[in-house]
J.: 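Take this structure, written in C-alpha cells, and hold onto it; I'll ask about it next.
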Amino acid sequence: MERVLLEVRDVNKAFGGVITAKNVDMKVMAGEIHGLIGPNGAGKTTLLNLISGIYEVDSGHIFFEGNEITNLPAHKRARLGLGRTFQSPRFMNRASIKDNLELGTDLRNQFTYIQSFFGKKGADFYSELEELMEIAGFTFDWNEHITSLPYGQQKLLEIVRAMLAHPTVILVDEPAAGLNKQEQERVSLLLRKAVDSGMGVVLIEHTMEMVMNICDNITVLNFGEVIAKGKPQEIATNPQVIEAYLGGENDA
Ligand SMILES: Nc1ncnc2c1ncn2[C@@H]1O[C@H](COP(=O)(O)OP(=O)(O)OP(=O)(O)O)[C@@H](O)[C@H]1O
Ligand SMILES: [Mg+2]
C-alpha cells in the first residue's frame, strides 16, 4: 500500500543570493498527511510553489505518480491532480460561495468559465459538497458573496473547494493560521477525510499541536535544507529541530 504519489528529488532554488531550497528530497505517500514544518522563512511555501509549478527549480526533479513534472506549467500539474490552497485564501471575491466552489472544481475538469455557469452539476457533486460542508461545520446561504464569510470559514471553504476537484495530492499552506480551536479541529477532520479516501496531503503549519496530532510523517526545513524527517514523536524530540526553532526569530 506504500504508493509514492509525489517525490521531490535533489531540488535547489535560490532567489538572488538567498538559498530557499538546498538539495531537498521529500516523498509523499498515498493516504498520508505529510507535515512540512520549519521556522519562518525556511522555504516551506517556496517548496510548495516549486511543486505546484509557480516557480521553476534551478535544478533537481519532481515526480507525480511516477511521471516527471519538473518542467510542466502549473495548470497542467493542476489537471493531473495536484491541488493546493494558499497561505491567504484566494477566491473570486465578487462571486457567490456557490460559484466559487463550482468554478474551483471545473478548473480541474477543464470546463470553460461560461460552460460552468450554464452547465449543471451532477447529483454526486452536491451530495459530496453537502458531506464536506457538514464536516466543515457550515450552515449558510451559499448564494451569498464569498466575502460575507468570516475568515475562518473562508479558509475551511478553500480546503473544501480543493477536495471537490478530487486531486491526488493536496498542498495546504497554513490552513489553521488565524483559526480558533474548533475551526482548527474541522481543518484536521477535512484533511483526515482526504487521506482516508486515498489522497496524499502536504501540510505546512505552525500550529504544533495540530501538526503533531494529524501528521503521519514530517519533513523539517531550515534555511532551505531538510534537517530532519520522521514520525511526529521523533521530530518533537530531535535536538536539531528544537535548536532550529529556538535559535530563530519565529512564531512557532
Ligand atoms: N519570489 C521571491 N523572490 C525573492 N525571494 C523570495 C521569493 N519567495 C520567497 N523568497 C524568500 O525565500 C525565503 C523563504 O520564503 P518562504 O516564503 O518559502 O518561507 P516559509 O517557510 O514559507 O515562511 P513562513 O513560515 O513565514 O510562511 C525567504 O527568505 C523569502 O524572502
Ligand atoms: Mg510560508
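Just follow the structure's listing: the first ligand is 1, and inside any ligand the first atom is 1. Side chains included, hydrogens not; waters and symmetry mates left out as well; all remaining heavy atoms used.
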J.: Provide, to 0.1 Å, the distance between atom 8 (N) of ligand 1 and the closest protein heavy atom, together with that atom's residue and name.
T.: Tyr55 OH, 3.3 Å
J.: Considering only non-hydrogen protein atoms, determine which one is nearest to atom 26 (O) of ligand 1 and report residue, atom name and distance to 0.1 Å.
T.: Asn40 ND2, 2.9 Å
J.: Nearest protein heavy atom to atom 31 (O) of ligand 1: under 4.0 Å?
T.: no
J.: Using 2.8 Å as a strict upper limit, say whether an N, O or S atom of Asn40 approaches the Mg ion (ligand 2) that closely.
T.: no
J.: Using only heavy-atom distances, determine whether the side chains of His145 and Ser96 contain a donor-acceptor pair under 3.5 Å.
T.: no
J.: Between the side chains of Asn217 and Lys229, does any donor sit under 3.5 Å from an acceptor?
T.: no
J.: Starting from atom 27 (O) of ligand 1, which protein heavy atom do you reach first, and at what distance in Å?
T.: Gln87 NE2, 3.0 Å
J.: Any side-chain donor-acceptor pair under 3.5 Å between Glu225 and Asn23?
T.: no
J.: Under a 4.0 Å N-O cut-off, is there an ion pair linking Arg3 with Glu65?
T.: yes
J.: Mind checking whether Thr20 has an N or O less than 3.5 Å away from an N or O of ligand 1?
T.: no
J.: Between Thr45 and ligand 1, which residue portion shows a heavy-atom distance shorter than 4.0 Å: side chain, backbone, both, or neither?
T.: both
J.: Which residue and non-hydrogen atom of the protein lie closest to atom 29 (O) of ligand 1, and at what distance in Å?
T.: Val18 CG1, 3.9 Å
J.: Take Arg84 and Asn49 through the side chain to side chain donor-acceptor pair (under 3.5 Å) test and state the conclusion after the steps.
T.: CA-CA 10 Å; Arg84 75 170 292 173; Asn49 286 333; 2.7 Å; yes
J.: More than 12 heavy atoms of other residues, nucleotides or ligands under 6.0 Å from CZ of Phe223: is that the case?
T.: no
J.: May I ask you to check whether His61 and Glu7 show a side-chain donor-acceptor distance below 3.5 Å?
T.: no
J.: Among Gly224, Gly17, Gly41, which one puts a heavy atom closest to atom 14 (C) of ligand 1?
T.: Gly41
J.: At a 4.0 Å cut-off, with the gap strictly under it, does some heavy atom of Gly43 reach an atom of ligand 1?
T.: yes
J.: Do me a favour and list the nearest non-hydrogen protein atom to atom 15 (O) of ligand 1 with residue, atom name and distance?
T.: Thr46 OG1, 3.7 Å
J.: Under 4.0 Å from a heavy atom of Glu174: give me the atoms of ligand 1 that qualify, with their elements.
T.: 25 (O), 27 (O)
J.: State whether the number of non-hydrogen atoms from other residues, nucleotides or ligands found under 6.0 Å of Glu68 atom CD is greater than 12.
T.: yes
J.: When you compare the side chains of Glu205 and Thr207, does any donor N or O come within less than 3.5 Å of an acceptor on the partner?
T.: yes
J.: What is the closest protein heavy atom to atom 10 (N) of ligand 1, and at what distance does it sit?
T.: Phe15 CD1, 3.6 Å
